[in-house]
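Throughout, a chain's letter reflects where its sequence line sits, starting with A, and its residues are numbered from 1. Bear in mind that the values here come from a model prediction, so they are computed numbers and not experimental data.
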Amino acid sequence: MEKITPRLPSGMRDFLPEDVLRRQYVIETVARVFEAFGYEPLQTPVLELEETLLGKYGADAEKLIFHAQHPGGKEKLALRYDLTVPLARAFALQESKLSLPFRRYQIAPVWRAERPQRGRYREFYQCDVDCVGVEGMEADAEVISVAVMALQRLGFSDFAMKINNRKLLTGIGIYAGLEGEALANLYRSIDKLDKIGVEGVRDELIKGGIAAETVARIMALIGSGATTERGYAVAERLIGHLRETLSGVPLALEGLAELEKVFYYLAASEVPSALVEFDPSMVRGLGYYTGPIFEAVSLSADPEERVGSLIGGGRYDELIGLFRKTPLPTVGISLGIERLIVLMEKRGMYPPHLRRTVVQVLVTVFNETLRPAALRLASQLRAAGLSVEVFAGGAKLGKQFAYADKRGIPLVAVLGEDELQAGTVKLKRLSDQHEQVVSGAEVSQIAQKLL
RNA sequence: GUGGCCGUGGUGGAGGGGUACCACGUCUGGUUGUGGCCCAGAAGGUCGAGGGUUCGAAGCCCUCCGGUCACCCCA
């Protein structure tokens, strides 16, 4: 066989043991928060039928779906693009076994054929929490609270949870006399506000063929959101202001009333005022959102910490209706775990007790004659619940210590002729060179204590 | 999909036409009952791939591949 140079598919990664341990820490931390709010774990296949995925995300997003055909395959298959559409499909299919409201979380990889960038991959994990079957805004506020708490538990405090409403955006379009394609273009331009500024958006809208006067009216509404002022008081003021201006547009008023409730519940849930922001210019690309939409961004000024949005979500009351007779109100939110990990790596946000290896004790092998004794000691330690490695191969003690050090194994057990004679084991903690001789009977207990 | 920048031992970098270099890592020894530090030595490269220019190319030119950043979009 000809040799091939090992390569990864573009935008995909191997995770080495050390990486996996850190990722597991992040995943377990957020999963614990999800469960604290009563969300249940759900798993679905990585492949879905094409018909399940197509037509849900919008034309731009659909181009990024990976198709997964095999030669002669009868079913048209594709890799899941997110966890939301699979939830809708799974819920509709399994609802006889479920009860409403159905709160579920899912932490699993999804695939998008995008151009990779920092914090952006073609295979990446999403952490979704969704609440099926609750019409009221308490559900929207709940998923936001869950996401905010998850970020806080990981140690983040410098982010803004931006909140807006699709109904309000559409209402602004109606107010400006736009619909269809023109409306979609309006959203796209508005979404760039924080990037290209008020003037940039104004120019782009005018270039897009919208009358200068109409553009001015739109900018008067959303331009006020260009400021990054956060907090409940600001949101309340802004809602009041928009309510007056848009008094003739029922859809916009409906959206504003929903937002008012969301902020009301969020405040009661003690989500800090400094973290929430009503941003009428925040849009989000996915096609299925129908009501409130959310997006959290890092407030870091460091350009190396610009990793896009950390959290995204919203209400999608029509999506499940595509898979059953009648629609079911649903709202959900997704944590960008990959981006959180990029920031945590950079800032060293992992707790000090996180180890680089699962191995807790290395049992050294003095020589081949003493290997059976080493194996017996390892079994004894394992029976006490420890993760134990017995040194493989023959090497001088010094090499075995160097190996433990390099691997990050915290504890080394030495069992030589002297110890065997005396019925003892010598334990050494590498971090501080603490060494003690213990009897065979108490070795497991002392080892636990030394970790 | 479009554009900018970059591909040199395992990793990170220097070298911009004349014998491929440095640091870290790896291995051996100093030190056959103890890791990190120090010292001595060793292994490891068709300079991303192919073509061209040249007496001579890692270097210059072209094409392709890969990475990265920006746009687009997004977790």
Side-chain angles (χ1 to χ4, degrees), chain A residues 5-13 26 30 57-64 81-84 107-128 147 150-151 159 184 187-189 191-192 195-196 200 204 282-287 293-298 303-304 306-314 332-343 362 364-367 370 391 394-420 425-435 437:
Chain A
T5 40
R7 291 205 300 129
L8 280 164
S10 170
M12 305 199 180
R13 299 160 291 169
V26 175
V30 301
Y57 301 107
D60 286 344
E62 201 155 283
K63 285 186 218 139
L64 304 177
Y81 180 86
D82 68 1
L83 302 175
T84 307
I107 301 172
V110 303
W111 290 266
R112 296 183 186 178
E114 288 184 288
R115 196 69 160 241
Q117 271 179 46
R118 191 201 331 276
R120 191 161 167 182
Y121 307 94
R122 290 184 147 193
E123 176 183 64
F124 64 97
Y125 273 68
Q126 280 199 326
C127 303
D128 278 31
L151 249 56
F159 62 91
Y187 292 167
R188 204 161 332 166
S189 298
D191 197 25
K192 294 185 199 162
K195 222 171 232 172
I196 62 178
E204 204 172 300
M282 192 269 287
V283 175
R284 298 197 54 73
L286 294 182
I293 47 180
F294 339 115
E295 183 168 291
V297 293
S298 166
E304 280 191 26
R306 284 180 51 199
V307 290
S309 46
L310 302 175
I311 290 179
I333 199 162
S334 178
L335 303 202
I337 183 182
E338 309 291 356
R339 292 171 179 188
L340 298 177
I341 287 170
V342 169
L343 295 182
L362 178 76
T364 55
V365 176
F366 211 79
N367 55 45
L370 291 179
F391 191 85
K396 293 189 282 190
L397 248 205
K399 286 263 180 286
Q400 302 192 33
F401 270 87
Y403 170 78
D405 184 50
K406 189 183 149 218
R407 287 281 316 277
I409 300 171
L411 215 53
V412 173
V414 179
L415 184 54
E417 302 282 4
D418 302 346
E419 286 81 6
L420 198 63
V425 175
K426 200 182 270 182
L427 291 175
K428 181 169 183 180
R429 182 163 59 196
L430 294 193
S431 59
D432 60 356
Q433 311 188 61
H434 171 85
E435 197 173 79
V437 177

TODO: Looking at every strand, decide which applies to Y121(A) at a 4.0 Å heavy-atom threshold: base, sugar-phosphate, or nothing.
DONE: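 Base, at least one base heavy atom under 4.0 Å.
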
Open item on the list: Mind checking if Q433(A) touches a base, just sugar-phosphate, or nothing, with heavy atoms under 4.0 Å?
Closed with: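 Base contact.
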
Salt bridge (charged side-chain N to carboxylate O under 4.0 Å, His left out) with [X]: which residues, sequence neighbours excluded?
X: R115(A); answer: none
X: K396(A); answer: none
X: E123(A); answer: none

Task: Intra- and interstrand pairs of RNA chain B - dot-bracket, Watson-Crick/G-U under 3.5 Å, | marks other strand - done: ((((((((.[[[[.)..(..]]]].(((((.......))))).....[[[[[..)....]]]]])))))))....

Task: Counterpart residues, ring pair (Phe, Tyr, Trp, His ring centres under 6.0 Å), relative to F294(A) (two or more places apart) - done: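 Counting only residues at least two positions away or on another chain, F294(A) forms no ring pair (Phe, Tyr, Trp, His ring centres under 6.0 Å).
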
- [ ] Mind checking side-chain hydrogen bond (donor to acceptor under 3.5 Å, both in side chains) for Y121(A) and listing every partner two or more places apart, or none if nothing turns up?
- [x]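 None.
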
Under 3.5 Å, N/O pairs linking protein and nucleotides 30-32 of chain B:
none

Nucleotides 37-40 of chain B: which of its N/O atoms have a protein N/O under 3.5 Å away?
none

Task: Residue L430(A), side-chain heavy atoms: nucleotide from G35(B), U68(B), G33(B) that is nearest - done: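 Of the candidates, G35(B) comes closest.
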
side-chain contact (heavy atoms from CB on, under 4.5 Å) involving [X] - partner list, sequence neighbours excluded:
X: F366(A); answer: L370(A), L397(A)
X: Q126(A); answer: D82(A), L83(A), V110(A), R112(A), F124(A), D128(A), S334(A)
X: A150(A); answer: V30(A), V33(A), F34(A), L335(A)

Ignoring hydrogens and angles, write down the donor-acceptor pairs under 3.5 Å from the side chains of residues 410-420 of chain A, residues two or more places apart or on other chains.
from	atom 1	to	atom 2	distance (Å)
E419(A)	OE1	G416(A)	N	2.9

